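Heads up, the thing below is written out as structure tokens.
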Amino acid sequence: MEIEVKKKNENELVFTISGADLSFVNAIRRVCMMEVPKMAIDDVHIIKNDSAMFDEVLAHRLGLTPIVSDSESIEGLVLPEECDCEDYCSKCSVSLVLKKKGPGVVYSKDLSSEDSRIKPVYDTIPLLKLKDDQEVELEATAQLGIGLEHAKWEPTTACAYKFYPQITIGEDCEGCQKCAESCPRGVLEFDKKAKKVKVVDLENCSMCKSCFRVCESRSIDIGFDDNRFIFRIETDGSTPPEEVLIKACDVLSEKADKIIDIL
């Protein structure tokens, strides 16, 4: 199996996988989404809330606020089911406090954490609006969890793959340009000097076959390589995408070891 990184930034990773089958790639996708641990607010104790927003809605917004969950920040924390405490403790949870008086908008940056490493990823997420003399005071508890339990623990906002496209242009192509003009993603381009259609951005092809449908001579063929994939991971900023991928591989490896032990 070969992996080639095509694009990498703070919240996105795009790479190709060669020499792997569909079941393996799909298993990686599912584990990335559902079984990589991430921090999220799970319990909210509201002391005072004078705003127009219901307590339940405010708690829901807090739960969906991305919390920093990279390996360095969550080092030493365990999942709740692995902890021997009855409710919450420093081994499995982190406390955040919000106390604000209006007027004004309350943002995620107003959440004060007992652990400076574990805090909202973005400072400018609006939580609620306070008018004159309105006040909000609460204590929130963040814990590790996985996407199988709730969407707020999903580290990925997008995690998908597609077969690697293959485009074949026959020698009987008449150079009518219709295929290049119909392509919605700029994959094809007409070379005026050579009077031929050429592929300029193969990996951007969605295999919609718009070009095939407009080609009267059927000189173009759209297919895919069933042993090669383009994989894309996008996160909400809580965990770097490459870290999500590595953790997913570790989880999948542990599952394979369990099956071997059972057998």
Side-chain angles (χ1 to χ4, degrees), residues 1-40 64-74 120-122 125 144-168 180 182-189 198-212 221-256:
M1 183 171 63
E2 295 181 4
I3 295 176
E4 183 182 355
V5 176
K6 296 291 183 177
K7 181 181 178 182
K8 179 183 174 183
N9 56 40
E10 200 171 308
N11 295 333
E12 186 182 13
L13 177 66
V14 180
F15 57 95
T16 60
I17 304 175
S18 304
D21 60 23
L22 181 62
S23 59
F24 174 78
V25 176
N26 191 48
I28 290 291
R29 179 189 69 86
R30 292 176 66 88
V31 175
C32 283
M33 294 171 63
M34 297 298 172
E35 297 190 58
V36 173
K38 171 197 163 183
M39 291 293 289
L64 295 178
T65 301
I67 306 293
V68 175
S69 306
D70 58 84
S71 296
E72 185 179 344
S73 299
I74 64 174
V121 176
Y122 307 105
I125 300 174
L144 280 174
I146 57 176
L148 277 173
E149 298 176 37
H150 195 282
K152 65 184 177 185
W153 280 305
E154 283 189 34
T156 59
T157 52
C159 188
Y161 62 87
K162 68 177 181 180
F163 286 110
Y164 200 90
Q166 290 180 333
I167 300 177
T168 306
S182 67
C183 180
R185 311 191 76 172
V187 176
L188 302 173
E189 187 179 276
K198 61 180 182 179
V199 181
V200 292
D201 192 2
L202 178 61
E203 293 180 1
N204 195 31
C205 178
S206 62
M207 291 175 276
C208 66
K209 293 192 175 183
S210 294
C211 53
F212 175 79
D221 184 55
I222 309 297
F224 57 85
D225 185 345
D226 57 7
N227 287 314
R228 193 177 182 190
F229 305 85
I230 299 175
F231 204 110
R232 178 172 175 261
I233 299 175
E234 184 182 314
T235 71
D236 59 6
S238 57
T239 310
E242 63 270 22
E243 198 170 293
V244 172
L245 179 61
I246 292 170
K247 288 181 178 179
C249 291
D250 290 340
V251 171
L252 192 59
S253 179
E254 289 174 9
K255 286 177 174 287

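Every value quoted in this text rests on a predicted model; they were computed, and no experiment measured them. Nothing fancy with the numbering, it's 1 onward along the sequence. All heavy atoms count here, side chains included; hydrogens, waters and symmetry mates do not.
- For the pair Pro240 and Thr235, the minimum side-chain heavy-atom distance is 4.5 Å or more.
- Using a 4.5 Å heavy-atom cutoff, the side chains of Cys211 and Ile222 are in contact.
- A donor-acceptor contact shorter than 3.5 Å is absent between the side chain of Thr156 and the backbone of Ala158.
- In this structure, Leu245 and Leu13 have side chains that are in contact, with non-hydrogen atoms separated by less than 4.5 Å.
- Among pairs with a residue in residues 145-160, those fulfilling salt bridge (charged side-chain N to carboxylate O under 4.0 Å, His left out) read Asp42-Lys152, at least two apart in sequence or across chains.
- Residues Thr65 and Pro120 approach most closely at CG2-CB, 4.1 Å, considering heavy atoms.
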Exercise. Can you list the steps and then say if Arg228 with Phe163 is a side-chain contact (heavy atoms from CB on, under 4.5 Å)?
Worked result: CA-CA 6 Å; Arg228 193 177 182 190; Phe163 286 110; over 6 Å; no
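- Residues Pro66 and Ile125 share a closest heavy-atom pair of CD-CD1, 3.7 Å.
- Side-chain N/O atoms of Asp250 and Ser253 include no donor and acceptor closer than 3.5 Å.
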For this session: Would you please test Ile146 and Val36 for side-chain contact (heavy atoms from CB on, under 4.5 Å) and show each step?
Result: CA-CA 6 Å; Ile146 57 176; Val36 173; over 6 Å; no
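- In terms of modelled atom types and a separation under 3.5 Å, the side chain of Thr239 and the main chain of Pro155 share no donor-acceptor contact.
- Across all non-hydrogen atoms, the minimal contact from Val5 to Phe15 is CA-CB, 3.8 Å.
- Counting all heavy atoms, side chain and backbone alike, Phe231 lies closest to Ile17 at CD1-CD1, 4.1 Å.
- Note on residues 10-34: pairs passing salt bridge (charged side-chain N to carboxylate O under 4.0 Å, His left out), not counting sequence neighbours, are Lys7-Glu12, Glu12-Arg232.
- A 4.5 Å side-chain heavy-atom check between Met39 and Ile74 finds at least one atom pair inside the cut-off.
- Looking at Val14, Asn204, Leu202 one by one, the single match for side-chain contact (heavy atoms from CB on, under 4.5 Å) with Ile230 turns out to be Val14.
- Asp225 contributes no side-chain N or O that, together with a main-chain N or O of Tyr164, makes up a donor-acceptor pair within less than 3.5 Å.
- For the ring-ring contact (aromatic ring centres under 6.0 Å, His included) test, no residue two or more places apart in sequence or in another chain qualifies with Phe212.
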For this session: Could you go through the side-chain contact (heavy atoms from CB on, under 4.5 Å) check for Ser206 and Arg185 one step at a time?
Result: CA-CA 8 Å; Ser206 62; Arg185 311 191 76 172; 3.1 Å; yes
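- What you find for Pro241 and Asn11 is that their closest heavy atoms are CG-C, 3.8 Å.
- Using a 30° and 60° split on the angle between ring planes, Phe229 and Tyr161 fall in the perpendicular class, above 60°.
- Atoms SG and CD1, on Cys183 and Ile167 in that order, are 7.0 Å from each other to the nearest 0.5 Å.
- The backbone N or O of Cys205 sits less than 3.5 Å from a side-chain atom of Lys162, completing a donor-acceptor pair.
- Lys38 has its side chain out of reach of Ile67: every pair of non-hydrogen atoms, C-beta onward, lies at least 4.5 Å apart.
- Between Asp226 and Leu22 there is no side-chain heavy-atom pair separated by less than 4.5 Å.
- Side-chain contact annotation: Glu243 with Ser71, donor-acceptor N/O pair under 3.5 Å present.
- Taking a cutoff of 4.0 Å between a charged side-chain nitrogen and a carboxylate oxygen, Glu35 and Lys255 qualify as a salt bridge.
- In this structure a side-chain-to-backbone donor-acceptor pair under 3.5 Å is present from Tyr122 to Asp236.
- Within a 6.0 Å radius of CZ in Phe24, no more than 12 heavy atoms belonging to other residues, nucleotides or ligands are found.
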For this session: Would you please test Glu203 and Thr16 for side-chain contact (heavy atoms from CB on, under 4.5 Å) and show each step?
Result: CA-CA 10 Å; Glu203 293 180 1; Thr16 60; 4.1 Å; yes
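- Using a 4.5 Å heavy-atom threshold, the side chains of Val187 and Val200 count as separate.
- Side-chain atoms of Val68 and Ser238, non-hydrogen and from C-beta on, never get closer than 4.5 Å to each other.
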